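The model shown is predicted, which means the values in this text are computed figures rather than measured ones.
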Amino acid sequence: MNDILSDIDDKQTLERLYKRIRATKINVLLIGGTGVGKSSTINALFQGKGLKAPAKVGQTSNPETMDVTPYDLDNLIVWDAPGLGDTTEKDQVHRRKIVETLQKKDPHGQPLIDLIFLVLDASSRDFSSAYTLIKEVVMPNLHKDDCKRLLIGINRADMALGSYHWNKEESQPEPKLIARLDEQVQTVKSRIKAETGLDVEPIYYAAGYKDEQEAQRPYNLQKLLSFILERLPEKKRASIATHINQDQTNFQSNDGKADYSKEVEDSIFSSIKSYFKEVLSEVYGKAKEFVTDPEVIKAGSEALTRAMREVFKTVMKKGK
Ligand SMILES: Nc1nc2c(ncn2[C@@H]2O[C@H](COP(=O)(O)OP(=O)(O)OP(=O)(O)O)[C@@H](O)[C@H]2O)c(=O)[nH]1
Ligand SMILES: [Mg+2]
(Lines give C-alpha, C1' and ligand atoms only; values in the text may rest on other atoms or scores of the structure.)
(Ligands and ions follow the chains in the order given, each with its own letter.)
Protein backbone atom coordinates (compact mmCIF):
# COMPACT_ATOMS: atom_id res chain seq x y z
CA MET A 1 0.00 0.00 0.00
CA ASN A 2 2.80 2.35 0.97
CA ASP A 3 4.31 1.74 -2.45
CA ILE A 4 1.13 2.62 -4.24
CA LEU A 5 0.65 5.94 -2.46
CA SER A 6 4.24 7.17 -2.53
CA ASP A 7 4.21 6.30 -6.20
CA ILE A 8 1.76 9.06 -6.98
CA ASP A 9 4.42 10.99 -8.86
CA ASP A 10 5.11 7.87 -10.83
CA LYS A 11 5.88 8.74 -14.46
CA GLN A 12 2.91 6.88 -15.86
CA THR A 13 0.42 8.69 -13.65
CA LEU A 14 1.90 12.03 -14.64
CA GLU A 15 1.90 11.11 -18.32
CA ARG A 16 -1.76 10.19 -18.04
CA LEU A 17 -2.44 13.55 -16.49
CA TYR A 18 -0.58 15.62 -19.07
CA LYS A 19 -2.28 13.70 -21.81
CA ARG A 20 -5.66 14.50 -20.31
CA ILE A 21 -4.84 18.19 -19.88
CA ARG A 22 -3.61 18.39 -23.46
CA ALA A 23 -6.69 16.60 -24.76
CA THR A 24 -9.09 19.05 -23.12
CA LYS A 25 -10.20 21.58 -25.69
CA ILE A 26 -11.22 25.16 -25.01
CA ASN A 27 -13.21 27.13 -27.54
CA VAL A 28 -13.35 30.90 -27.33
CA LEU A 29 -15.55 33.00 -29.63
CA LEU A 30 -14.33 36.55 -30.20
CA ILE A 31 -16.90 39.11 -31.24
CA GLY A 32 -17.01 42.89 -31.54
CA GLY A 33 -16.77 45.74 -34.02
CA THR A 34 -14.14 46.12 -36.72
CA GLY A 35 -10.74 47.18 -35.41
CA VAL A 36 -11.59 47.13 -31.67
CA GLY A 37 -8.53 44.95 -31.05
CA LYS A 38 -9.92 41.41 -30.96
CA SER A 39 -6.88 39.86 -32.64
CA SER A 40 -4.47 42.03 -30.64
CA THR A 41 -6.08 40.88 -27.38
CA ILE A 42 -5.69 37.19 -28.13
CA ASN A 43 -2.15 37.65 -29.40
CA ALA A 44 -1.16 39.57 -26.26
CA LEU A 45 -2.67 36.92 -23.96
CA PHE A 46 -1.73 33.70 -25.66
CA GLN A 47 0.82 32.07 -27.85
CA GLY A 48 0.41 28.84 -29.67
CA LYS A 49 2.52 25.77 -29.98
CA GLY A 50 2.04 23.96 -33.27
CA LEU A 51 -0.14 26.63 -34.85
CA LYS A 52 -2.22 25.19 -37.64
CA ALA A 53 -3.69 28.46 -38.80
CA PRO A 54 -1.77 31.61 -39.80
CA ALA A 55 1.02 32.48 -37.39
CA LYS A 56 -1.00 34.94 -35.36
CA VAL A 57 -4.71 35.41 -34.83
CA GLY A 58 -6.09 37.88 -37.33
CA GLN A 59 -3.00 37.96 -39.51
CA THR A 60 -4.39 36.35 -42.60
CA SER A 61 -3.40 37.34 -46.12
CA ASN A 62 -6.64 39.30 -46.18
CA PRO A 63 -6.35 41.97 -43.49
CA GLU A 64 -10.07 41.95 -42.76
CA THR A 65 -11.41 38.84 -41.10
CA MET A 66 -14.22 37.74 -43.42
CA ASP A 67 -15.42 34.54 -41.80
CA VAL A 68 -15.62 33.09 -38.31
CA THR A 69 -12.15 31.60 -38.53
CA PRO A 70 -11.03 28.97 -36.04
CA TYR A 71 -7.40 29.43 -34.94
CA ASP A 72 -6.21 26.20 -33.49
CA LEU A 73 -3.50 26.84 -30.91
CA ASP A 74 -3.19 23.14 -30.11
CA ASN A 75 -6.05 22.69 -27.63
CA LEU A 76 -7.13 26.33 -27.43
CA ILE A 77 -9.34 27.20 -30.35
CA VAL A 78 -10.11 30.84 -30.94
CA TRP A 79 -13.03 31.55 -33.24
CA ASP A 80 -12.28 34.99 -34.60
CA ALA A 81 -15.53 36.52 -35.82
CA PRO A 82 -15.52 39.25 -38.44
CA GLY A 83 -15.87 42.74 -37.05
CA LEU A 84 -19.41 44.04 -37.26
CA GLY A 85 -20.37 47.52 -38.29
CA ASP A 86 -19.24 47.76 -41.92
CA THR A 87 -22.47 47.57 -43.89
CA THR A 88 -25.91 46.26 -43.01
CA GLU A 89 -25.81 43.43 -45.57
CA LYS A 90 -22.40 42.27 -44.47
CA ASP A 91 -23.51 42.47 -40.83
CA GLN A 92 -26.46 40.16 -41.52
CA VAL A 93 -24.11 37.53 -42.94
CA HIS A 94 -21.73 37.98 -40.00
CA ARG A 95 -24.53 37.64 -37.46
CA ARG A 96 -25.69 34.43 -39.07
CA LYS A 97 -22.17 33.06 -38.90
CA ILE A 98 -21.90 33.97 -35.23
CA VAL A 99 -25.20 32.19 -34.52
CA GLU A 100 -23.97 29.09 -36.37
CA THR A 101 -20.80 29.07 -34.26
CA LEU A 102 -22.79 29.52 -31.04
CA GLN A 103 -24.95 26.55 -31.96
CA LYS A 104 -22.04 24.18 -32.55
CA LYS A 105 -21.90 21.21 -30.19
CA ASP A 106 -18.93 19.30 -28.83
CA PRO A 107 -18.75 15.48 -29.10
CA HIS A 108 -20.69 15.19 -25.81
CA GLY A 109 -23.55 17.28 -27.15
CA GLN A 110 -22.62 20.26 -24.99
CA PRO A 111 -22.23 23.77 -26.46
CA LEU A 112 -18.83 23.91 -28.15
CA ILE A 113 -18.10 27.52 -27.24
CA ASP A 114 -16.85 27.81 -23.66
CA LEU A 115 -16.45 31.55 -23.63
CA ILE A 116 -17.91 34.38 -25.67
CA PHE A 117 -15.60 37.33 -25.50
CA LEU A 118 -17.14 40.61 -26.66
CA VAL A 119 -14.53 43.30 -27.21
CA LEU A 120 -15.47 46.99 -27.12
CA ASP A 121 -13.32 50.01 -27.93
CA ALA A 122 -12.97 52.49 -25.04
CA SER A 123 -12.46 55.35 -27.48
CA SER A 124 -15.89 54.74 -29.01
CA ARG A 125 -18.76 57.04 -28.03
CA ASP A 126 -21.50 54.59 -28.71
CA PHE A 127 -21.83 50.94 -27.82
CA SER A 128 -25.37 50.47 -29.08
CA SER A 129 -24.43 47.97 -31.81
CA ALA A 130 -22.81 45.83 -29.11
CA TYR A 131 -25.99 45.89 -26.99
CA THR A 132 -27.99 44.83 -30.03
CA LEU A 133 -25.52 42.04 -30.70
CA ILE A 134 -25.92 40.69 -27.17
CA LYS A 135 -29.67 41.01 -27.23
CA GLU A 136 -30.39 39.66 -30.69
CA VAL A 137 -27.51 37.29 -31.40
CA VAL A 138 -25.89 36.09 -28.18
CA MET A 139 -28.80 35.91 -25.73
CA PRO A 140 -31.16 33.79 -27.86
CA ASN A 141 -28.36 31.22 -28.15
CA LEU A 142 -27.37 31.16 -24.50
CA HIS A 143 -28.93 29.16 -21.70
CA LYS A 144 -30.06 31.23 -18.74
CA ASP A 145 -27.43 29.74 -16.41
CA ASP A 146 -24.83 30.13 -19.11
CA CYS A 147 -24.52 33.91 -18.82
CA LYS A 148 -21.21 33.37 -17.03
CA ARG A 149 -19.87 32.38 -20.43
CA LEU A 150 -20.11 35.97 -21.69
CA LEU A 151 -17.18 38.25 -20.98
CA ILE A 152 -17.14 41.91 -21.94
CA GLY A 153 -13.80 43.62 -22.35
CA ILE A 154 -13.34 47.33 -22.99
CA ASN A 155 -10.07 47.51 -24.89
CA ARG A 156 -7.87 50.47 -25.85
CA ALA A 157 -8.21 51.90 -22.34
CA ASP A 158 -5.30 54.21 -23.21
CA MET A 159 -7.46 55.93 -25.82
CA ALA A 160 -10.65 56.54 -23.83
CA LEU A 161 -9.81 60.26 -23.51
CA GLY A 162 -8.07 60.50 -26.87
CA SER A 163 -4.67 59.46 -25.45
CA TYR A 164 -4.81 62.13 -22.72
CA HIS A 165 -4.26 61.20 -19.06
CA TRP A 166 -2.43 58.04 -20.01
CA ASN A 167 1.00 57.43 -18.55
CA LYS A 168 2.79 55.82 -21.43
CA GLU A 169 5.99 54.90 -19.58
CA GLU A 170 4.18 53.16 -16.74
CA SER A 171 1.39 51.92 -18.98
CA GLN A 172 -1.16 53.20 -16.48
CA PRO A 173 -4.21 55.48 -16.62
CA GLU A 174 -4.10 58.67 -14.54
CA PRO A 175 -7.00 59.52 -12.17
CA LYS A 176 -9.09 61.38 -14.79
CA LEU A 177 -8.85 58.49 -17.20
CA ILE A 178 -9.63 55.98 -14.44
CA ALA A 179 -12.78 57.95 -13.64
CA ARG A 180 -13.79 57.88 -17.32
CA LEU A 181 -13.13 54.15 -17.64
CA ASP A 182 -15.04 53.35 -14.43
CA GLU A 183 -17.93 55.37 -15.80
CA GLN A 184 -17.84 53.37 -19.05
CA VAL A 185 -17.93 50.11 -17.11
CA GLN A 186 -20.99 51.31 -15.19
CA THR A 187 -22.75 52.47 -18.36
CA VAL A 188 -22.17 49.17 -20.15
CA LYS A 189 -23.18 47.17 -17.09
CA SER A 190 -26.44 49.02 -16.51
CA ARG A 191 -27.40 49.17 -20.20
CA ILE A 192 -26.94 45.41 -20.55
CA LYS A 193 -28.90 44.83 -17.36
CA ALA A 194 -31.72 47.06 -18.61
CA GLU A 195 -31.87 45.55 -22.08
CA THR A 196 -31.28 41.89 -21.33
CA GLY A 197 -31.53 41.36 -17.58
CA LEU A 198 -27.99 39.96 -17.60
CA ASP A 199 -25.55 40.79 -14.82
CA VAL A 200 -22.16 41.30 -16.39
CA GLU A 201 -18.88 42.55 -15.01
CA PRO A 202 -17.11 44.38 -17.83
CA ILE A 203 -13.38 44.91 -17.56
CA TYR A 204 -11.25 47.64 -19.14
CA TYR A 205 -7.76 46.91 -20.41
CA ALA A 206 -5.31 47.69 -23.18
CA ALA A 207 -4.00 44.93 -25.42
CA GLY A 208 -1.24 47.32 -26.41
CA TYR A 209 0.49 47.55 -29.76
CA LYS A 210 3.87 47.45 -31.38
CA ASP A 211 4.85 48.94 -34.70
CA GLU A 212 8.09 50.20 -36.26
CA GLN A 213 7.94 53.56 -34.49
CA GLU A 214 6.17 52.88 -31.23
CA ALA A 215 5.15 50.31 -28.68
CA GLN A 216 2.62 50.38 -25.88
CA ARG A 217 2.75 47.73 -23.18
CA PRO A 218 -0.60 46.18 -22.27
CA TYR A 219 -2.58 47.18 -19.20
CA ASN A 220 -4.81 44.99 -16.98
CA LEU A 221 -3.97 41.88 -18.98
CA GLN A 222 -3.31 39.76 -15.88
CA LYS A 223 -6.70 40.88 -14.57
CA LEU A 224 -8.28 39.95 -17.89
CA LEU A 225 -6.65 36.53 -17.71
CA SER A 226 -8.05 35.98 -14.21
CA PHE A 227 -11.52 36.99 -15.46
CA ILE A 228 -11.23 34.54 -18.36
CA LEU A 229 -10.17 31.67 -16.10
CA GLU A 230 -12.97 32.43 -13.66
CA ARG A 231 -15.47 32.02 -16.48
CA LEU A 232 -14.13 28.72 -17.75
CA PRO A 233 -15.15 25.36 -16.29
CA GLU A 234 -12.57 24.28 -13.67
CA LYS A 235 -11.30 21.39 -15.76
CA LYS A 236 -10.48 23.67 -18.69
CA ARG A 237 -8.32 26.13 -16.79
CA ALA A 238 -5.17 24.00 -16.71
CA SER A 239 -5.35 23.57 -20.47
CA ILE A 240 -5.43 27.29 -21.11
CA ALA A 241 -2.36 27.69 -18.87
CA THR A 242 -0.16 26.02 -21.44
CA HIS A 243 -0.94 28.84 -23.88
CA ILE A 244 -0.32 31.89 -21.71
CA ASN A 245 2.07 34.27 -23.43
CA GLN A 246 5.54 33.87 -21.94
CA ASP A 247 6.36 37.53 -22.42
CA GLN A 248 6.04 38.61 -18.79
CA THR A 249 6.10 42.33 -19.63
CA ASN A 250 2.61 41.91 -21.11
CA PHE A 251 1.21 41.13 -17.65
CA GLN A 252 3.06 43.58 -15.42
CA SER A 253 0.83 46.64 -15.39
CA ASN A 254 -2.55 46.20 -13.69
CA ASP A 255 -4.98 48.22 -11.60
CA GLY A 256 -3.69 46.70 -8.35
CA LYS A 257 -7.16 46.10 -6.91
CA ALA A 258 -6.26 42.45 -6.30
CA ASP A 259 -3.29 40.14 -6.66
CA TYR A 260 -4.29 38.92 -10.11
CA SER A 261 -1.25 36.75 -10.70
CA LYS A 262 -2.04 34.87 -7.50
CA GLU A 263 -5.66 34.53 -8.60
CA VAL A 264 -4.49 33.10 -11.92
CA GLU A 265 -2.11 30.66 -10.23
CA ASP A 266 -4.67 29.52 -7.65
CA SER A 267 -7.21 28.98 -10.34
CA ILE A 268 -4.83 26.86 -12.42
CA PHE A 269 -3.65 24.94 -9.37
CA SER A 270 -7.17 23.99 -8.39
CA SER A 271 -7.79 22.88 -11.96
CA ILE A 272 -4.75 20.59 -11.81
CA LYS A 273 -6.06 19.23 -8.53
CA SER A 274 -9.29 18.19 -10.18
CA TYR A 275 -7.34 16.29 -12.85
CA PHE A 276 -5.38 14.52 -10.13
CA LYS A 277 -8.56 13.56 -8.34
CA GLU A 278 -9.90 12.04 -11.50
CA VAL A 279 -6.77 10.15 -12.50
CA LEU A 280 -6.04 8.93 -8.99
CA SER A 281 -9.52 7.69 -8.37
CA GLU A 282 -9.20 5.66 -11.55
CA VAL A 283 -5.75 4.32 -10.75
CA TYR A 284 -6.02 3.84 -7.02
CA GLY A 285 -9.74 4.05 -6.49
CA LYS A 286 -10.25 0.60 -5.10
CA ALA A 287 -6.95 0.44 -3.18
CA LYS A 288 -7.63 3.71 -1.35
CA GLU A 289 -10.53 2.25 0.59
CA PHE A 290 -8.11 0.04 2.55
CA VAL A 291 -5.79 2.83 3.59
CA THR A 292 -6.25 3.71 7.26
CA ASP A 293 -2.68 4.00 8.48
CA PRO A 294 -2.10 7.74 9.20
CA GLU A 295 1.58 7.43 8.22
CA VAL A 296 0.61 6.09 4.82
CA ILE A 297 -2.00 8.78 4.32
CA LYS A 298 0.53 11.47 5.22
CA ALA A 299 3.14 10.05 2.85
CA GLY A 300 0.51 9.89 0.14
CA SER A 301 -0.63 13.48 0.54
CA GLU A 302 2.94 14.76 0.57
CA ALA A 303 3.69 12.89 -2.62
CA LEU A 304 0.51 14.28 -4.10
CA THR A 305 1.39 17.88 -3.24
CA ARG A 306 4.84 17.38 -4.73
CA ALA A 307 3.42 15.91 -7.91
CA MET A 308 0.86 18.70 -8.25
CA ARG A 309 3.59 21.33 -7.92
CA GLU A 310 5.56 19.53 -10.59
CA VAL A 311 2.60 19.54 -12.98
CA PHE A 312 1.91 23.19 -12.20
CA LYS A 313 5.48 24.18 -13.06
CA THR A 314 5.36 22.23 -16.29
CA VAL A 315 1.96 23.54 -17.31
CA MET A 316 2.98 27.14 -16.67
CA LYS A 317 6.04 26.62 -18.85
CA LYS A 318 4.08 25.72 -21.96
CA GLY A 319 3.17 22.15 -21.22
CA LYS A 320 5.33 19.14 -21.83
N1 LIG B 1 -3.88 52.42 -28.67
C2 LIG B 1 -4.17 51.13 -28.71
N3 LIG B 1 -4.30 50.50 -29.89
C4 LIG B 1 -4.62 49.19 -29.89
C5 LIG B 1 -4.83 48.46 -28.71
N6 LIG B 1 -5.18 47.20 -29.05
C7 LIG B 1 -5.18 47.14 -30.38
N8 LIG B 1 -4.84 48.33 -30.91
C9 LIG B 1 -4.71 48.69 -32.34
O10 LIG B 1 -5.99 48.68 -32.94
C11 LIG B 1 -5.91 48.27 -34.31
C12 LIG B 1 -6.91 47.15 -34.58
O13 LIG B 1 -6.50 45.98 -33.87
P14 LIG B 1 -6.89 44.51 -34.32
O15 LIG B 1 -6.40 43.62 -33.24
O16 LIG B 1 -6.47 44.23 -35.68
O17 LIG B 1 -8.48 44.62 -34.25
P18 LIG B 1 -9.58 43.54 -34.68
O19 LIG B 1 -10.73 43.75 -33.80
O20 LIG B 1 -8.98 42.19 -34.71
O21 LIG B 1 -9.91 44.01 -36.15
P22 LIG B 1 -10.74 43.22 -37.30
O23 LIG B 1 -10.29 41.79 -37.26
O24 LIG B 1 -10.36 43.91 -38.55
O25 LIG B 1 -12.17 43.40 -36.98
C26 LIG B 1 -4.46 47.88 -34.53
O27 LIG B 1 -3.80 48.95 -35.14
C28 LIG B 1 -3.92 47.67 -33.14
O29 LIG B 1 -2.54 47.89 -33.04
C30 LIG B 1 -4.67 49.16 -27.46
O31 LIG B 1 -4.84 48.62 -26.36
N32 LIG B 1 -4.36 50.48 -27.54
MG1 LIG C 1 -8.98 40.67 -36.22
Side chain to side chain, [X] and [Y], heavy atoms closer than 4.5 Å:
X: F251; Y: V264; value: no
X: I272; Y: S274; value: no
X: L181; Y: V185; value: no
X: R20; Y: R16; value: yes
X: F276; Y: V311; value: yes
X: L221; Y: Y260; value: no
X: I42; Y: D80; value: no
X: N141; Y: I98; value: no

On a heavy-atom basis, which atom in [X] and which in [Y] lie closest, and how many Å separate them?
X: S239; Y: Y275; value: OG-OH, 3.6 Å
X: F117; Y: V28; value: CB-CG1, 4.3 Å
X: K38; Y: G33; value: NZ-O, 2.8 Å
X: Y131; Y: T187; value: OH-O, 4.1 Å
X: I26; Y: D114; value: CA-OD2, 3.3 Å
X: G208; Y: S40; value: O-CB, 4.5 Å

Please check if the side chain of [X] supplies one atom and the backbone of [Y] the other of a donor-acceptor pair under 3.5 Å.
X: K223; Y: G256; answer: no
X: S123; Y: A160; answer: no
X: Q172; Y: N254; answer: yes
X: T242; Y: A238; answer: no
X: K193; Y: D199; answer: no
X: Y205; Y: A157; answer: no
X: R231; Y: F227; answer: yes
X: K135; Y: I192; answer: no
X: S171; Y: S253; answer: no
X: N220; Y: Y204; answer: yes

Separation of [Y] [atom2] from [X] [atom1] (nearest 0.5 Å):
X: L177; Y: D182; atom1: CG; atom2: CG; value: 9.5 Å
X: L118; Y: I31; atom1: CG; atom2: CD1; value: 5.0 Å
X: E214; Y: Y209; atom1: CD; atom2: OH; value: 4.0 Å
X: K210; Y: Q216; atom1: NZ; atom2: CD; value: 11.5 Å
X: I116; Y: N27; atom1: CD1; atom2: CG; value: 11.5 Å
X: I77; Y: I113; atom1: CD1; atom2: CD1; value: 8.5 Å

side-chain contact (heavy atoms from CB on, under 4.5 Å) between S39 and Y71, intermediate numbers included
CA-CA 11 Å; S39 305; Y71 289 87; over 6 Å; no
For the pair L30 and T41, evaluate side-chain contact (heavy atoms from CB on, under 4.5 Å) and give the outcome as yes or no after the intermediate values.
CA-CA 10 Å; L30 270 178; T41 302; 5.5 Å; no
In plain terms, say whether E183 and R180 are close enough for a salt bridge, that is, a side-chain N and a carboxylate O under 4.0 Å apart.
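Yes, charged N to carboxylate O under 4.0 Å.
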Note: R95-D91 ion pair, threshold 4.0 Å (strictly below):
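Looking at R95 and D91, the cut-off is not met.
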I need the full list of side chain to side chain donor-acceptor pair (under 3.5 Å) pairs touching residues 148-161, with sequence neighbours left out, sorted by first then second residue.
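Of all non-adjacent pairs touching residues 148-161, those that pass side chain to side chain donor-acceptor pair (under 3.5 Å) are D121-R156, D146-R149.
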Candidate pair M139 and L198, rule side-chain contact (heavy atoms from CB on, under 4.5 Å), full reasoning:
CA-CA 9 Å; M139 284 292 286; L198 276 187; 3.3 Å; yes
Please check if M159 and I154 belong to a single hydrophobic cluster, counting links between Ile, Leu, Val, Met, Phe, Trp and Tyr side chain heavy atoms closer than 4.5 Å.
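Each belongs to a different hydrophobic cluster.
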Among the clusters formed by ILVMFWY side chains lying less than 4.5 Å apart, do L224 and L232 turn up in the same one?
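Same cluster: L224 reaches L232 through Ile, Leu, Val, Met, Phe, Trp or Tyr contacts under 4.5 Å.
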If you count the non-hydrogen atoms of other residues, nucleotides and ligands that lie under 6.0 Å from NZ in K235, is the total more than 12?
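Yes, the 6.0 Å shell around NZ holds more than 12 heavy atoms from other groups.
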For atom NZ of K19, is the number of surrounding heavy atoms from other residues, nucleotides or ligands below 6.0 Å larger than 12?
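For K19, atom NZ is not crowded (no more than 12 foreign heavy atoms under 6.0 Å).
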Applying side-chain contact (heavy atoms from CB on, under 4.5 Å), run through D255 and I178 and close with a yes or a no.
CA-CA 9 Å; D255 64 19; I178 294 177; over 6 Å; no
